[in-house]
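In what follows, a single structure is set out as structure tokens and then discussed.
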Amino acid sequence: MEVEGGRDKARELVLVSVVYDGPKRKAVMKFFDPLAQRIVLIPDSSGHEPYCLSDLSPEEVLKIDGIVNHPGFSKVKPVKKHDLLTDRDLQMTMVFARDPLSIGGRPSGSIRDLLPKAWEANIRYELNYIYDMGLQPGSTYIVDGEEKPARKIFSPPGELLNRMQEKLRGKDAEYVEAVKSWMELLSQPIPEVTIAALDIEVLSSSRTRIPDPSEAEEAVASAAILSTDGRNRFLLLKRPDRVPDEFVVEKNGSQIRPEYFDDEVDLLRAIFEELARYPFLVTFNGDNFDLVYLHNRARRLNVSQEEIPITLGRDYADLKEGIHIDLYKFLFNRSVQIYAFNNVYKEVTLDAVGEALLGLGKVKGEKPIPDMGYREIAEYCLRDAEITLGLTTMYDKLLLKLVMMLTRISRMPMEEVVRHSVSAWIRSLFINDHRARGYLVPRPEDILSLKGGTVTRAIIKGKKYLGAIVLEPVSGVHFNVVVMDFASLYPSVIMTNNLSYETVRCPHQECRSNRILSSPHWVCKKRKGLTSLIIGSLRDLRVNVYSPMSKNPSLPENERKLYDVVQRALKVFLNASYGVMGAEAFPFYCPPLAESVTMLGRQILSDLIEEAKRLGISVVYGDTDSVFLKNPPADKIELLKKWAVERYGIDLTVDKNYRYVVFSQRKKNYVGVLEDGSADVKGLVGKKSSTPIFVKDAFFDLLRILGEVKDEEGFERAKSEIKELASETVRKLRNGEYRLEDLAFNVMMSRATDAYTKTTPQHVKVAKQLETNGTELRAGDIISYVKVKGKEGVKPVQMSSHKEIDVEKYMDIIKSTFGQVLDALGIDLEEEGRAKKLSDFM
DNA sequence: GCGGACTGCTTACCT
DNA sequence: ACAGGTAAGCAGTCCGCG
């Protein structure tokens, strides 16, 4: 590892990561230098060592033979910690080791296993280092080589402070302090970064089988490296059977010419040299393919470890200097998928994500790489790199900025943020807060045994506690419907009720009377709950500062965009804050807390419904945190808002105004037409990603017809148009006028085919047929199939023909899809279908 | 041996 | 490895039925 000397003068660098240098037994901080556009490595100079905690005295620890004789043992040191579970100060002992594996991680004989009880022994060392040194990844530091990096303090813009000032009045000092330090952290500017995207191709004869990167048996055919600094390169291996030709590919604003290499090792070295130039490298699946393949291929060809700028982890690949971001892992993350990208892509493949976010898919073709000419490979490989870079740079580098913001909130290294999901981010945030305040991080088993289980029973078999209320919709058409909902109900409930793992069923006798509704659970009156404090301050910042600022037209666009990224990142944390508390794998898992949140949520929604009825408003539907109000007078809406704040301290806002809503008898299923005629579709089959395209198209035509309806009379006209549409769809189906692809169901296979042991669903049957034909399939792949006549009933689209299509099955689909809307409108499609059938036979 | 009633599995959705 | 609630379709099983 190259390490910076101490001669440079003070520079402003951004801390992006901390890694552990095994041979040196040290944490190494990775800083980004915005002026030089490169990464600077600074090793720890404090002598920080890995440790865990014990409740034994230092003397007692030293009496444990295995520990003092442990080759990795370093020293013991007494420390005071406050235990939130018992609300008592404890005298604990820090047991230090020379390397993280000696604390824990070896199959046997680790120090944590030799202690009768160990605390904080499962935290990755890099994270320990960040927390203990009070580091803030994503922040700017002043580095002058001699002294330890000092954080540069920013003051948030005055307008931000003003917005919060009012809210902070009357709040306790701890809360004010928390909010201010968050603002300081989140409002820092994000530096401009140079990013390169890498994609490689391998000379593998099979197109359906991905080359095994652990073996790296076949030669690397090419590498495309596109970057934001315009240094775009396409490196290519010369093959004995093909004469090099000169060509030019236009990409990323420049004309790219192939650079041929006679020798594969030279090619690899050139790739490595290029990779080492960049502070940030993005790939799509680089953790499991591109970087691993390059590393292992180079090793196989006897390139020395020192020459390879890549280090391999168990299921990831890091760059020795730069920051590697695997977009596949990040975009696969459910929170990112839903809250950051609004669920616009469903399948996480480069092609699908590229199409959905950029309108740019992969170059299509089934030819194996060795059968392609140089130019074909170039088009293919460069396109993949283009999509990868495009995904990172779109919307003014939204993705990278989001990663940076999640890094700041979670206190994790950037690479770790990308690889982990929201529960790890929240875990890190929580542990950091415990450390900073001198609180002992509780052991999960202690939380569980002290707090006990749940007292309610879930509706769904196998779930742990009762969730939200969903009202029975009043079926039919309702004009002028206003939807009101609570602004982040569950985080608000956590905030206003002081909920946290330590405050719910706290140890104080005098708090026991402070019951949560009519449950046996109580909540602490003496302490401010840590979860409540953290979630509450993040919520207030999002609602009062960053969301409004991101929409403030008087601000310059780049500033608004920064606030929008902050707002999105906060949303991710807030939305998951309740869920993790009910997730067994979360280290602060606390069933009574999770249960109390939904319990309070149910109470609040029921009360809101009561209140609306009391005001004479009819509630036609509601789900979890929302009510659908029919024809509510404006003054009553205001009364409800006021009621919500006064009664529960939670904001209730108007979310939508529907010109009309169509409800069937089903919950979570409706069509709402907004003032502008656009339709909001929820839950209906016609909207599902698995529904055949021809059905969806017809369904959207139906919605278009409904969008034109302005009043009750309009429905009569619409009804006949809809009938016409239905019979036209049926006619085309019977005449075989739809393309096979449009008849296909598209269903995600969530696991490998052999993991379906209990039943074999239709899409798995099809997947097995495909596998028999030599197609390689993985969990997460979308299976496209049509319904055919015969025993199996289904076939892959590619392997079927119009003759086999089971038209009656498709008739059922049309009926049920249309039926979901039409039965509420009083249109009987069953009749239509039959009439059509008759006329068809005539 | 076959079909209807039932349960359970699976996916996709909503909040 | 964030939660629970709902809809839909199909797989598989049980039971009755000359």
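A note on names: the letters A, B, ... follow the listed sequences, proteins ahead of strands, and every chain is numbered from 1.
- When rounded to the nearest whole Å, the span between NE2 of A:His763 and P of B:dC9 equals 15 Å.
- Taking atom NZ of residue A:Lys809 and atom C1' of nucleotide C:dA8, one finds them 14 Å apart after rounding to whole Å.
- No hydrogens or angles considered: nothing links the side chains of A:Ser800 and A:Tyr785 as a donor-acceptor pair under 3.5 Å.
- In this entry the distance linking NZ of A:Lys787 with P of C:dG9 reads 9 Å, nearest Å.
- Using a 4.0 Å heavy-atom distance criterion, A:Ser626 is classed as making no nucleic acid contact.
- A:Met748 comes within 4.0 angstrom of sugar-phosphate atoms only, judged by non-hydrogen atoms across all strands, and of no base.
- Distance A:Phe332 CZ to C:dC2 P: 11 Å, rounded to the nearest Å.
- Comparing C:dA11, B:dA12, B:dT10 by their nearest atom to the side chain of A:Pro761 picks out B:dT10.
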Can you name the atoms? Protein N/O to nucleotides 4-7 of chain C N/O, anything below 3.5 Å, with the distance.
from	atom 1	to	atom 2	distance (Å)
C:dG4	OP1	A:Lys464	N	3.2
C:dG4	OP2	A:Lys463	NZ	3.3
C:dG4	O3'	A:Gly467	N	2.9
C:dG5	OP1	A:Ile459	N	3.4
C:dG5	OP1	A:Gly467	N	3.0
C:dG5	OP2	A:Ile459	N	3.3
C:dG5	OP2	A:Ile460	N	3.2
C:dT6	OP1	A:Lys667	NZ	2.9
C:dA7	OP1	A:Lys667	N	3.0

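- Within the 3.5 Å criterion, the main-chain N or O of A:Ala487 finds a donor-acceptor partner in the side chain of A:Ser492.
- At least one test fails for A:Lys451 against the ring of A:Tyr501: distance under 6.0 Å to the centre or angle within 45° of the axis.
- Using a 4.0 Å heavy-atom distance criterion, A:Tyr670 is classed as a sugar-phosphate-only contact.
- Proximity of A:Thr759 to the phosphate of B:dG8: no side-chain N or O atom is located under 4.0 Å from OP1 or OP2.
- Residue contacts shown for A:Ser577 are absent, as no nucleic acid heavy atom lies under 4.0 Å away.
- Within 4.0 Å (heavy atoms only), A:Arg751 reaches sugar-phosphate atoms of the nucleic acid but no base atom.
- Residue-level contact check: A:Ala583 touches the backbone only, with heavy atoms under 4.0 Å from sugar-phosphate atoms and none from bases.
- A straight line from NZ of A:Lys791 to P of C:dA11 spans 12 Å, rounded to a whole angstrom.
- Ring geometry for A:Tyr756 against A:His763 counts as perpendicular: the plane angle is over 60°, on a 0 to 90° scale with 30° as the lower cut.
- In this model, the phosphate group of B:dC14 is approached by a side-chain N or O of A:Lys687 to a distance below 4.0 Å at OP1 or OP2.
- In this pair, A:Tyr578 and A:Tyr465 present their aromatic rings perpendicular. The plane angle is above 60°, beyond the 30 to 60° band.
- For an aromatic pair to be called close, the ring centres must be under 6.0 Å apart, and A:Phe628 with A:Tyr670 satisfies this.
- To the nearest angstrom, P of C:dG12 lies 13 Å from NZ of A:Lys758.
- The distance from atom CG of A:Asp655 to atom C1' of B:dT15 is 11 Å, rounded to the nearest whole Å.
- Checking the phosphate oxygens (OP1, OP2) of C:dA1, a side-chain nitrogen or oxygen of A:Ser421 falls inside 4.0 Å.
- At a cut-off of 3.5 Å, with distance as the only test, a side-chain donor of A:Glu595 or A:Thr456 sits close to an acceptor on the other residue.
- When the side-chain nitrogen and oxygen atoms of A:Ser750 are compared with OP1 and OP2 of B:dT11, one or more of them lie within a distance under 4.0 Å.
- Side-chain nitrogen and oxygen atoms of A:Tyr756 include at least one within less than 4.0 Å of the OP1 or OP2 phosphate oxygen of B:dT11.
- Distance CD1 (A:Ile338) to P (B:dA12): 13 Å, rounded to an integer number of Å.
- A:Tyr648 and A:Asp607 share a donor-acceptor pair across their side chains, judged by distance under 3.5 Å alone.
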